[in-house]
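Would you mind keeping the following structure in view while I ask a few things?
Source: prediction; values computed, not measured.
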Amino acid sequence: MTLSEFLKFMHSYVGQDWDNQDYFANLLLFIMPEPASDEDIKADERHEYYPYNGSDDEKDMLGRIYNGKPLPKKKARMVKAHFKADSLVKEIGSLSSDSKTKLRAELAGKGITVHPGDEGKICKDIIELLIDAAAIGENEIDVRQIGVALESIAPIYDDSDLKPDFGVRLLAETKQHCPMLGCFKPLYFEEAGRSTFDYRIVQVNPRLPRHVADNLVAMCPTCATRYMAAMTKEKIAELEDIKLNISSIMEALDSMPEERLVAGVKRVVSKIGSIPIERIMDLNYNPTEVIKKMDKTDPGLFFKIQHYVSKYYPIVRDDCKEMEIEGTLNFEKFCSQMKFKYQDLRDRGLDQTQIFDVLTEWIAGETHEEKSSCEVVVSYFVQKCEVFEAQEGADEDAVSE
């Protein structure tokens, strides 16, 4: 079943007086709650809460979606972020007995069994799975998955059909580390001077197509076994968030113009010498690997820092050394300032993600340069040890610069 087929089917029961072009925008009000939090209200004011608001300039696209055009991934993810179809269930529950009988018969003709009283729940399950599918770029669902308990779906442990097509991409996406919260283990091991990959590819949502990159994650064998052995709706939602986080970050990083970013980093470095120094701190001259400093609560942050360090660490290091030779930067004093800023934020109870963002905003405010360039510089100081400390239990062997 496609989203278009579901919309046309539902049109006979909910919103019969709505035009085709307005139908999906109006139906969104039944599957997304009104914005309640301050953040959601502000997003709605910017027209960034609902994917479509039914405005005249959207009508052509909405009409196309009604008639078969796939819902864009970005729009589907906006719905998914706030999906709650209680209003749709209630609306269908208020239908006449004859309408419910007809609805059940129509769904039975599509291969979906519906028991009396479950009409609203089944329709909710259908639209939810269609939105989930659209969020990974798929326009069609297997209706045989509707009403099937997750526990009855046998996990597929054999990933030999996936690694040839998706292994390289998924390893790059995770920077060759397990993305599961609390893990971050390398997806390889060293033996006799050689690296050997050791990972599994997991299907995030077993109800959705298997051979789709957006529905696959590379993780360590232990986490993969634990995930597949007892899949729940909550665990799937958590892994979907992790997947979306890391894939969005990597898509953004890959789309950054290389020359522009390098030029921006150089401008940031050229300006940090003029930032006021508030306090001199003792410095650590033994850099520690990024992985050993992360508290393993935000895989996206880890992969971002790892990416910046692997690509731009030498550029920031060499520019800082050059400025120090020229006498335009007292590098040790600025390192001290970074450490003071970090420790102040840490002592105020901010987590690693918040600390990284605040330090980035501070440097951006002082240098008036783009956020991405400032993130590179903050990442440099994470690697160099002024930002974040090695986590308890981490191997503290130094790594060379």
Q) Side chains of Y380 and V265: closer than 4.5 Å at any heavy-atom pair? A) no

**Q.** Option passing ring-ring contact (aromatic ring centres under 6.0 Å, His included) with F381 (candidates F340, W362, F334)
**A.** F334

Q | Minimum heavy-atom distance E119-P116, with the two atoms named | A | OE2-CA, 3.6 Å

Q) What's the verdict on side chain to side chain contact (heavy atoms under 4.5 Å, CB included) for I363 and M338, showing C-alpha distance, side-chain angles and the deciding distance? A) CA-CA 10 Å; I363 293 180; M338 283 295 293; 4.1 Å; yes

Q: Check E173 against S247 and note the closest heavy-atom contact, atom names and distance.
A: OE2-CB, 3.5 Å

Q | Shortest non-hydrogen contact between C374 and T367, atoms and distance | A | SG-OG1, 4.0 Å

Q | E48 CD to K42 NZ distance, which is reported to the nearest 0.5 Å | A | 12.5 Å

Q | N53 side chain to S55 side chain, donor-acceptor N/O pair below 3.5 angstrom | A | no

Q.
If you define the side chain from C-beta out and look only at heavy atoms, does anything of N245 sit under 4.5 Å from F303?
A. no

Q | Side-chain donor-acceptor pair present, D98, T101, cut-off under 3.5 Å | A | no

Q: Please lay out, stage by stage, how N139 and T2 fare under the test side chain to side chain donor-acceptor pair (under 3.5 Å).
A: CA-CA 6 Å; N139 189 43; T2 65; 4.9 Å; no

Q. Would you call R210 and D161 a salt bridge, taking side-chain N to carboxylate O under 4.0 Å as the test?
A. yes

**Q.** Stepwise side chain to side chain donor-acceptor pair (under 3.5 Å) check, E238 with Y227
**A.** CA-CA 11 Å; E238 182 178 273; Y227 180 75; over 6 Å; no

Q. In terms of heavy-atom contacts, does CD of E34 have more than 12 from other residues, nucleotides or ligands at under 6.0 Å?
A. no

Q: Ignoring hydrogens and angles, tell me if any N or O in the side chain of S87 forms a donor-acceptor pair with the backbone of F30 under 3.5 Å.
A: no

Q) Is the backbone N or O of E332 less than 3.5 Å from a side-chain atom of S336, with the two atoms forming a donor-acceptor pair by type? A) no

Q. Hey, does I246 have a side-chain heavy atom less than 4.5 Å from the side chain of K304?
A. no

Q. For H307, does its backbone N or O pair with a side-chain atom of S310 as donor and acceptor, under 3.5 Å?
A. yes

Q) Parallel, tilted or perpendicular: which describes the rings of F197 and Y199, with under 30° parallel and over 60° perpendicular? A) perpendicular

Q. Which of these, K235, K233, K80, sits in a salt bridge (Lys or Arg N to Asp or Glu O under 4.0 Å) with E240?
A. K80

Q) What class does the angle between the rings of F302 and H177 fall in, given that below 30° is parallel, 30 to 60° is tilted and above 60° is perpendicular? A) perpendicular

**Q.** Exceeds 12 heavy-atom contacts within 6.0 angstrom, atom CD of E191
**A.** no

(Q) Nearest 0.5 angstrom please: L216 CG to D159 CG, how far? (A) 9.5 Å

Q) Does P51 reach the side chain of L28, with side-chain heavy atoms less than 4.5 Å apart? A) yes

**Q.** Name of the residue among K341, R348, R346 meeting side-chain hydrogen bond (donor to acceptor under 3.5 Å, both in side chains) with D344
**A.** R348

Q) Of V204, L244, L208, N205, which is the lone residue that meets side-chain contact (heavy atoms from CB on, under 4.5 Å) with I136? A) L208

Q | Main-chain N/O of G93 paired to K100 side chain as donor or acceptor, under 3.5 Å | A | yes

Q) Mind checking whether P179 and V217 have side chains closer than 4.5 Å, heavy atoms only? A) yes

Q: Using modelled atom types only, decide if a donor and an acceptor are shared between the side chain of D19 and the backbone of Q21 within a distance under 3.5 Å.
A: no

Q) Is the side chain of K243 donor-acceptor paired with the backbone N or O of D214 at a distance under 3.5 Å, no angle test? A) no

Q: Give the ring-plane orientation class for Y49 versus H82, where under 30° counts as parallel, over 60° as perpendicular and anything between as tilted.
A: tilted

Q) Within a reach of under 6.0 Å around CD of E39, are more than 12 heavy atoms found that belong to other residues, nucleotides or ligands? A) no

Q.
With rounding to the nearest 0.5 angstrom, report the CD to CZ distance, E322 to R317.
A. 13.0 Å

Q) Between Y312, Y313, F356, which is the residue that forms a side-chain contact (heavy atoms from CB on, under 4.5 Å) with S379? A) F356

Q: Report yes if some heavy atom in the side chain of L187 is under 4.5 Å from a heavy atom in the side chain of D198; otherwise report no.
A: no

Q) Does G120 offer a backbone N or O that forms a donor-acceptor pair with the side chain of E91 under 3.5 Å? A) no

Q. So, R200 side chain and A224 main chain: donor-acceptor pair closer than 3.5 Å or not?
A. no

(Q) One pair to check against salt bridge (Lys or Arg N to Asp or Glu O under 4.0 Å): K90 and D86. What are the steps and the verdict? (A) CA-CA 6 Å; K90 183 177 179 180; D86 293 354; over 6 Å; no

(Q) Please tell me whether F6 and F24 form a close aromatic pair, meaning their ring centres lie under 6.0 Å apart. (A) no

Q | Flag, side chain of R207 to backbone of Q145, donor-acceptor distance under 3.5 Å | A | yes

Q) What pair of heavy atoms forms the shortest contact from D125 to I146, and how long is it? A) O-CD1, 4.0 Å

Q: Please examine the side chains of P206 and L150, heavy atoms only from C-beta on, and report whether any two atoms are closer than 4.5 Å.
A: yes

Q: Check whether any side-chain N or O of H11 sits under 3.5 Å from a backbone N or O of G15 as a donor-acceptor pair, and report yes or no.
A: yes

Q. Any side-chain heavy-atom pair from N20 and Y66 closer than 4.5 angstrom?
A. yes

Q | M219 to C178 - nearest heavy-atom pair and separation | A | CB-SG, 3.7 Å

Q. If every non-hydrogen atom of M228 is compared with every non-hydrogen atom of I156, which pair is closest and at what distance?
A. SD-O, 3.5 Å

Q: Could you please spell out the steps behind the side chain to side chain donor-acceptor pair (under 3.5 Å) verdict for Y308 and E375?
A: CA-CA 8 Å; Y308 283 144; E375 285 181 334; 3.0 Å; yes

Q. Once you round to the nearest 0.5 Å, how far does CD1 of I92 lie from CD1 of I122?
A. 10.5 Å

Q.
Other residues, nucleotides and ligands only: do more than 12 of their heavy atoms fall within 6.0 Å of NZ on K59?
A. yes

